[in-house]
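Since we're looking at a predicted model, the values are computed, not measured. Sequence lines set the chain letters: A, B, ... in the order given, protein chains first and strands last, and positions in each chain run from 1.
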There are 2 protein chains.
Amino acid sequence: MDNRRMPTIGDVARLAGVSTGTVSRVLNQRAGVHPQTRERVLEVMERLGYVPMQAARELTGRGDTVGILLAPGVRRYIPYFVLLFEHLTEALWREGMRLEETPTDAAGLPLKPARGYILLGAHDHDPRLEALQNAQTPHVLIGVYPGAYWVAPDDEGGAYAATRHLLELGHRQIAHLTGQPQQQVGRERLLGYRKALEAYNVPFQPHLVLDGDFSTLTAYRVLRKAWEQGLRFSGLFAASDEMALGAAAALEDVGMRIPQDVSLVGFDDLPEIGTALTTVRQDIAQIARAAVRLLKESLAGGAPHGLRVPVQLVLRGTTSLKEVRTA
Amino acid sequence: MDNRRMPTIGDVARLAGVSTGTVSRVLNQRAGVHPQTRERVLEVMERLGYVPMQAARELTGRGDTVGILLAPGVRRYIPYFVLLFEHLTEALWREGMRLEETPTDAAGLPLKPARGYILLGAHDHDPRLEALQNAQTPHVLIGVYPGAYWVAPDDEGGAYAATRHLLELGHRQIAHLTGQPQQQVGRERLLGYRKALEAYNVPFQPHLVLDGDFSTLTAYRVLRKAWEQGLRFSGLFAASDEMALGAAAALEDVGMRIPQDVSLVGFDDLPEIGTALTTVRQDIAQIARAAVRLLKESLAGGAPHGLRVPVQLVLRGTTSLKEVRTA
DNA sequence: ACAAAGACTGTAAACGCTTACAAATATCCT
DNA sequence: AGGATATTTGTAAGCGTTTACAGTCTTTGT
């Protein structure tokens, strides 16, 4: 293995004929370096293949280690979060930052300080939010949080597109399997569903809204029970792929075929889950990149703002034209 | 945010009345420190909650950044893995090592070298295993892998204890809901079940073994279908808590009460999952600590070996004495 | 009792980087 | 021209840890 010493800031300084301080300033894009000097330094860095050593930067309190904070009580092993984790790792990596898993104390606060944080599953009056704000620690939230930096997918728009798709296939009895009403996501998706119905002049029927909780098992039980009790519909929009999977299993078990008898649309398009599903794709990678970009803004200082990441309807095998049965 | 400075080696030294050099020696388990001094230093470290700062160690060339490698194709969001992740983070952190999320390439190999690795979900002839072995990179596997460093829970023993518990409650018709046969875990748990039956002279009945796949939904469907087709039993040992949950839902939906009609035992005792379940507890924290200990051994060089972590039956509300029905 | 050897401990330099401060140089104003 | 500013640069002290080296005690052997 390459056992030559990695070039340091000192090497760069010597070769560029400047001091280490100047090199550091160039590195951190600080003002007050003569353009020519900057140019020379950058050239040498390029030539040497210089890469700043993270550990040393960290020691001076300017590390780019980013932590992830998950709200206490939120299940960490929700596929969505896990995937987001992965993409955040990747996105940070590209920017030369590192994602470190930091253990948290009982209150959910990190035991070890990081340069910035990305928060998942925070609720509106999360005490940790206040703590971060007070400490002026840069942070970005996943979800909608006016007043902070946040990134969220276009849940309402996605739900609208999903429902519209069913409507355009001719379905009029369209059920919706919701997430918990406590969660913003679930509410936004329900709203999109309702708006689409409204746009197509299909009356909203409360009994077609089935209460789920984002879990596959509950979806199965709710669907099966509803069907057995006589509820009928030809289209179903489930607020997540996992629920769509449970719903599909239930419908099959009561003798329905998908999509011949019931058309089904999910939401999320997570890899490895329902890969045959017509669904609304969230580009998690894009969300991760957006979060990292905002984190950098936050690091640089600026006015907090949010970002909506667009979603996209993906047509696969679980939806079809409403059969017009001849009487 | 907690803006108190983290305690440093200097703080420890001052409070213990020794020099930083000595503290460092204690930290690195170097010889030549008086036992009493060592004791005192360790006490102060404990009291202060001192944790060495990884960045500083890295600067001196003694960094211990550890990576986690998950077999490609293995679902990362399995609760068990996620929890293991958390505990590994914690355990490594205590030892002054850091767990860094490293993106991997298509083959599942890390893009950035680390001091050592912990592998999850590897299969017997994983190409990555060979790669690590060839590169002499220290690594520990979770699961049973003769010839390497490995840590695994006592699956067979736990299954034995679970089944014995049901037997001692008087149950004789005991079903077993398995995991996939491709996975070692599933096989070992099945073996424990069979051995317990044997020990109590209860004949093994193949039709009482129900094929699951560790998922809640499948468990529900398999159980419900089996019951509806007339299969009867008074005890059920599910190879995981998640499956036990699905099974319980199915049994309830067909009108059975737990534990009055059917006694149920799970496996894993994951927090947030089936907290009312009689189950076999795996101490994931202990497994994580063991993995870290082995990793350190591996780092120090030595003969690879494995470690079984004991499990424990936890009695809760889902098992009861077999009712003796008077005819 | 005394030197030599051994056990233990303290000291300070080094790791690569940032940054407050001081110093040097350039620019502007009257 | 002669200061007053503004711009650019260098200097050196730190960040938390390790470790070679030099001390200071103990023990041991004679």
Rounded off to whole Å, could you give me the CG-to-P distance for the Asp11(B) and dC15(D) pair? 11 Å

Whichever of Arg40(A) and Leu59(A) has the more 5' nearest nucleotide on DNA chain D, that residue is Arg40(A)

Just how far, in rounded Å, is C1' of dT17(D) from CE of Met53(A)? 12 Å

Nearest whole Å is fine: how far is dA7(C) P from Gln36(B) CD? 17 Å

Atom-to-atom span, CD of Glu39(B) to P of dT9(C) - whole angstrom: 13 Å

Judged by each residue's nearest nucleotide on DNA chain D, which is more toward the 5′ side, Arg25(B) or Tyr50(B)? Tyr50(B)

Rounded to the nearest 0.5 Å, what separates atom CG in Leu88(B) from atom CZ in Arg289(B)? 11.5 Å

Out of dT9(D), dT17(D), dC17(C), minimum distance to the side chain of Thr60(A) belongs to dC17(C)

Is there a side-chain contact between Arg57(A) and Asn28(A) (heavy atoms, below 4.5 Å)? yes

Whole-Å distance separating the CD atom of Gln54(B) from the C1' atom of dC15(D): 15 Å

Under 4.0 Å, counting only non-hydrogen atoms across every strand here, what does Ser24(A) touch: a base, just sugar-phosphate, or nothing? base

So, OP1 or OP2 of dG16(C): does either fall under 4.0 Å of a side-chain N or O from Thr20(A)? no

Measure from CD1 on Ile9(B) to C1' on dT11(C) and round the result to the nearest Å. 14 Å

Give a yes/no on whether any side-chain N or O of Ser19(A) is located under 4.0 angstrom from OP1 or OP2 of dT9(D). no

Sugar-phosphate, base or nothing in reach of Val23(B), heavy atoms under 4.0 Å: nothing

In whole Å, what is the span from the CG atom of Asn28(A) to the P atom of dT19(C)? 6 Å

In the structure I gave you, are the side-chain heavy atoms of Phe81(A) and Glu86(A) within less than 4.5 Å of one another anywhere? no

Starting at CZ of Arg38(B) and ending at C1' of dT9(C), how long is that distance when rounded to a whole Å? 13 Å

With a 4.5 Å limit on heavy-atom distance, are the side chains of Arg308(A) and Trp150(A) in contact? yes

Among the nucleotides dG16(D), dG10(D), dT18(D), which one has an atom lying closest to any side-chain atom of Leu27(B)? dT18(D)

Name of the residue among Val23(A), Val18(A), Leu42(A) meeting side-chain contact (heavy atoms from CB on, under 4.5 Å) with Thr37(A): Val18(A)

5'-most by nearest nucleotide on DNA chain C - Ala56(B) or His34(B): His34(B)

